[in-house]
Structures are given as C-alpha cells and as structure tokens.
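As structure tokens, the structure follows; a few thoughts come after it.
All residue numbers in this chain count up from 1 along the given sequence.
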Amino acid sequence: MNQYQVKMQARRLMDSQEKFVTTVYMLFEVLEKFNETQRTFREELIARDNWYEAARREAQAQKAMTDTLLESITGLHNAYRETHATVDRNTERMEKLLTKVEAYFGTTGLDYDN
C-alpha cells in the first residue's frame, strides 16, 4: 500500500467514524423521543384510570341513591296501602253508623250534603 492509499483508507475510516458517531447521536435522539412518548402514554393511562375510577365511584353512588329511593317508595307504598285500608274500614263504620242513625231518627231530619 502506498502513501496515497493509506491516506484514502484513513479518510474513509474518519468518514466512517463520523457517520458512526452521527448514527449513535441519532439513535440517542430516537430513544429520547421514544422515552418521551412512553412517558406521555403512561401519564395518559394514569389519567384515564383515574377517570374510570371516578366514574365507577359515581356509578356506585347513583346505585346507592337509587336503592335508597326504592326503599323510600316502598315505604310510601306501604303507608298508602295502610291508609287506604284504614279509610275503607272507617267508611264502612260510618255507613253502619249512618244506617243506625237513619233507622233511629229517620231520613227526614238529616242533611248529608254538609
């Protein structure tokens, strides 16, 4: 190998090393961008997980409220049924009383429109 060829080989080696260094720097940049993307994705997953957890708690609260409302409506229904039964019994008693009063006094002196 003559001196010219040695210089050319040295030049190619320097160019090759320069390209290698450039490639390594570019690889580091790619890795940094990848890490940044992964970090952003992780933050998004955490935010989404927090949102789903809040939605789950909200759904549980709504279910508890619905259960309480159902219990209240059931209680109101029972109270209405008992009140209606009491009114029916009282109506029957009043009719019996009015029948006795009419039988005793007659219907000429009683005015039911009051």
Side-chain angles (χ1 to χ4, degrees):
M1 233 188 206
N2 64 19
Q3 192 173 5
Y4 175 75
Q5 289 175 335
V6 170
K7 283 184 180 181
M8 288 305 291
Q9 287 292 339
R11 178 71 134 177
R12 284 189 204 129
L13 180 61
M14 284 179 22
D15 289 343
S16 176
Q17 287 175 344
E18 188 177 318
K19 287 180 183 178
F20 177 76
V21 169
T22 303
T23 303
V24 169
Y25 281 132
M26 288 173 61
L27 181 62
F28 280 131
E29 288 177 14
V30 167
L31 289 175
E32 285 177 359
K33 292 293 183 184
F34 179 75
N35 285 339
E36 182 180 329
T37 302
Q38 290 297 313
R39 186 174 25 260
T40 303
F41 182 65
R42 179 177 172 269
E43 290 170 359
E44 182 181 333
L45 286 178
I46 290 171
R48 191 172 292 176
D49 187 46
N50 291 340
W51 183 86
Y52 281 123
E53 178 63 24
R56 185 187 63 78
R57 281 189 305 240
E58 180 69 23
Q60 286 177 338
Q62 288 177 355
K63 183 190 177 302
M65 190 183 326
T66 303
D67 291 343
T68 303
L69 181 61
L70 179 61
E71 290 173 11
S72 299
I73 289 173
T74 303
L76 286 172
H77 179 261
N78 292 338
Y80 173 76
R81 189 176 59 219
E82 291 173 11
T83 301
H84 188 34
T86 302
V87 168
D88 284 345
R89 284 192 304 272
N90 286 342
T91 301
E92 289 175 18
R93 289 177 60 203
M94 287 298 292
E95 286 177 3
K96 288 179 184 178
L97 177 64
L98 286 175
T99 303
K100 287 181 183 180
V101 169
E102 286 175 353
Y104 185 75
F105 290 109
T107 59
T108 57
L110 296 176
D111 185 12
Y112 295 122
D113 293 335
N114 287 343

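- Rounded to the nearest 0.5 Å, atoms CG (Asn78) and OG1 (Thr83) are 10.5 Å apart.
- With rounding to the nearest 0.5 Å, the separation of OH in Tyr52 from CG in Leu45 is 10.5 Å.
- Salt bridge Arg89/Glu92: absent, no basic N to carboxylate O contact under 4.0 Å.
- In this structure, the side chains of Val101 and Leu97 come closer than 4.5 Å at one or more pairs of heavy atoms.
- Between the Gln5 side chain and the Asn2 main chain, a donor and an acceptor come within less than 3.5 Å of each other.
- Taking CZ of Phe28 as the start and CG of Asn35 as the end, the distance is 11.5 Å to the nearest 0.5 Å.
- Taken from NZ in Lys19 to CE in Met26, the straight-line distance is 12.5 Å, to the nearest 0.5 Å.
- With rounding to the nearest 0.5 angstrom, the OG atom of Ser16 is 11.0 Å from the CD atom of Gln9.
- Around atom CD of Gln60, more than 12 heavy atoms belonging to other residues, nucleotides or ligands sit under 6.0 Å away.
- Residue pairs meeting the salt bridge (charged side-chain N to carboxylate O under 4.0 Å, His left out) criterion with at least one member in residues 29-47, sequence neighbours excluded: Glu44-Arg48.
- Under the 3.5 Å distance criterion, the side-chain polar atoms of Thr66 are matched with a main-chain donor or acceptor of Gln62.
- Residue pairs meeting the salt bridge (charged side-chain N to carboxylate O under 4.0 Å, His left out) criterion with at least one partner in residues 59-71, sequence neighbours excluded, are Lys63-Asp67.
- Residues Asn90 and Arg93 have side chains in contact (heavy-atom distance under 4.5 Å, counting atoms from C-beta outward).
- With rounding to the nearest 0.5 angstrom, the CD atom of Gln17 is 11.5 Å from the OG1 atom of Thr22.
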